[in-house]
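Start at 1 and go down the list; that is how both ligands and their atoms are numbered. Computed over heavy atoms, backbone and side chain alike; hydrogens, waters and symmetry mates excluded.
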Amino acid sequence: MTPQSPFDVSDEIQVALGLGAAVVALESAVVTHGLPYPANLEAARRMERTIREHGAVPAAVALIGGRVRVGLAEEDLGYLAARGVVKVGRRDLAVAIARQASGGTTVSATLAVAHALGVRVQATGGIGGVHVGAAPTWDISADLDELSRRPLVLVCSGAKAICDVGATLEALETRGVTVIGYRTVRFPYFYVADSGHPVPWSADSVAEIAAISRAKERLGDMSALLVANPPPEQWALPADEVAEAVARAVTRAETEGIRGGDLTPYLLSEVDRLTRGRAVQANLALLEANAALAAQIAVALTEERLPA
Ligand code: PSU
Ligand code: MN
C-alpha cells in the first residue's frame, strides 16, 4: 500500500507546477500568529493579489485538519485568521498531521513543503533569527537551519524586529545561506530600512537575482538565496523608535514569563501597541512589496535556463 500523501495541492498550483510556471510559496504563521485580525486577512489577500498581478500563482501553505494544504481558498484563510490554531514550525509538521490539527506554517515549515513540491520562490515579512539574548536561552529560529537545506529564493525584509541582526547574519553565513540586498547595501531590520549591518552582496535587478539563483542550482548548492528587500520608504519606521519598543516589549515578556514559540507573536503585538499601530501598517506594506518582488523573481526563473 502506498502511504497517503499528506499534501492537498490546489488544481491551479498543480497545473502551474506541471507546466514549470511561476509559483510563489507563502507561509501562514503571519496570518495565524504574526498580525492581529483583520490586518492578517488583509495581508494575505494583498500578497495573493500582487503575486497574481505580477504573473505568478500564489501558493499559501497551512495545516487544515491534519492535511498540508497548498493554495488556500478564502474560507480557509477566514478560518485560520480567526485564530485558535497552532503555530507549525518544521518540527511540528508531523505531529500536526498525525493529530489532524490545523495551524499556520512558519517560514521553516513552509520552506520544507515548498521544496518537497518543487516551488522555487517564497516570500515572507521577516525571517526568524537569533533572538536578542539568545546566549542563555538558545532561542534561535528553525528558519535558519531550514534555509541551509532548502534551495529556494526567499524574499524577506531581513529578520523580524526582535532578533540580534549581527548574530543572525553570522548564523546565516555559517549555514552557507547566500544573502543579497535588493537595491541596498544595508541589511534591513523588518520595519526599519537599515539594521546598521551591511549585506555581503547586493543586486539591482531581478535578472541578477535569477542569475545567482541559477548559479546555485548548477552548483548543486542546497542552501537558500535570501533576498533582503527593505520596507517601502514611506512606511519604514525609525530605527531608534523600534529599538526602544522592542526593548520594552522584551522586558515585559520576561516579567510575564513568555517563552518559546509564543514569544514572537507576543513581542510583535507589543511593538505594534507601542508604535500606535504603525508597525502593523509597515508590516502590511513590506509583505506586499516582498510578495511582488518574489513573483517577479519566480517569473524570471521560468524565462530561461541558459547559463547566466
Ligand atoms: N516575522 C514576523 N511575523 C511572524 C513571523 C516572523 O514579523 O509571524 C513568523 C514567521 O512565520 C517565522 C516565525 O518563520 O515567525 C519564526 O518564529 P520562531 O522565531 O519561533 O522560529
Ligand atoms: Mn524562536
Side-chain angles (χ1 to χ4, degrees), residues 25-37 39-40 43-44 47 60-63 80-81 83 85-93 103-114 122-147 150 152 154-165 167-168 171-172 177 188-192 195 224 226 228-229 231 235 237 242 245-246 249-250 253 258-272 275 278-291:
L26 298 173
E27 67 174 90
S28 49
V30 65
V31 174
T32 58
H33 291 79
L35 283 165
Y37 181 87
N40 54 355
M47 291 178 88
V61 175
L63 262 287
L80 292 167
R83 303 242 161 183
V85 300
V86 291
K87 173 176 162 184
V88 181
R90 191 181 64 107
R91 64 165 189 187
D92 310 308
L93 271 172
T105 53
T106 67
V107 168
S108 68
T110 309
L111 281 170
V113 171
Q122 183 173 320
T124 188
I127 57 166
V130 180
H131 277 223
V132 170
T137 65
W138 287 93
D139 192 346
I140 299 171
S141 177
D143 292 357
L144 297 176
D145 277 8
E146 215 51 34
L147 285 164
R150 305 294 178 183
L152 276 83
L154 178 68
V155 181
C156 66
S157 298
K160 59 197 178 186
I162 49 187
C163 293
D164 177 331
V165 179
T168 299
L172 287 167
V177 178
Y189 198 8
F190 204 45
Y191 323 113
V192 179
S195 63
L226 189 72
N229 189 28
W235 297 102
L237 302 183
V242 173
V246 169
V250 167
I258 291 159
R259 267 179 237 109
D262 294 337
L263 190 59
T264 295
Y266 179 86
L267 293 178
L268 291 174
S269 74
E270 272 300 291
V271 168
D272 190 55
T275 58
R278 279 156 57 239
V280 165
Q281 291 312 312
N283 202 339
L284 288 179
L286 66 86
L287 281 166
E288 186 172 359
N290 293 347

The protein heavy atom nearest to atom 15 (O) of ligand 1 is Lys160 NZ, 3.6 Å
If you scan protein heavy atoms around atom 8 (O) of ligand 1, the nearest is Gly34 CA, 3.2 Å
Is it the case that the side chain of [X] and the backbone of [Y] share a donor-acceptor pair, with hydrogens and angles ignored and the cut-off at 3.5 Å?
X      : Y      : answer
Thr105 : Ala109 : no
Asp164 : Val130 : no
Asp272 : Val280 : yes
Tyr191 : Gln281 : no
Asp92  : Gly89  : yes

Using a 4.0 Å cut-off to any heavy atom of [X], which atoms of ligand 1 qualify?
X      : value
His131 : 19 (O)
Phe190 : 2 (C), 7 (O)
Ser141 : 16 (C), 18 (P), 19 (O), 21 (O)
Ala29  : 8 (O), 11 (O)

Sub-3.5 Å N/O-N/O distance, [X] and ligand 1:
X      : result
Glu27  : yes
Lys87  : yes
Ser108 : no

(message) Would Thr106 and Asp143 count as a side-chain contact (heavy atoms from CB on, under 4.5 Å) here? Give the steps.
(response) CA-CA 8 Å; Thr106 67; Asp143 292 357; 4.1 Å; yes
Have a look at ligand 1 and work out which part of [X], if any, has a heavy atom under 4.0 Å from it: side chain, backbone, both or neither.
X      : answer
Leu268 : side chain
Val107 : both
Asp143 : side chain

TODO: Before giving the answer on side-chain contact (heavy atoms from CB on, under 4.5 Å), spell out for Asn40 and Thr32 the whole-Å C-alpha distance, their side-chain angles and the decisive distance to 0.1 Å.
DONE: CA-CA 7 Å; Asn40 54 355; Thr32 58; over 6 Å; no
Checking distances from the Mn ion (ligand 2), one finds that the N, O or S atom of Asp139 closest to it is OD1
From the list Asn229, Asn290, Asn283, side-chain hydrogen bond (donor to acceptor under 3.5 Å, both in side chains) with Ser157 holds only for Asn290
Check your understanding: Taking the non-hydrogen atoms of Gly126, is any one of them nearer than 4.0 angstrom to ligand 1?
Key -> yes
Interatomic distance, CG@Leu268 vs CG@Leu35, rounded to 0.5 Å, equals 8.0 Å
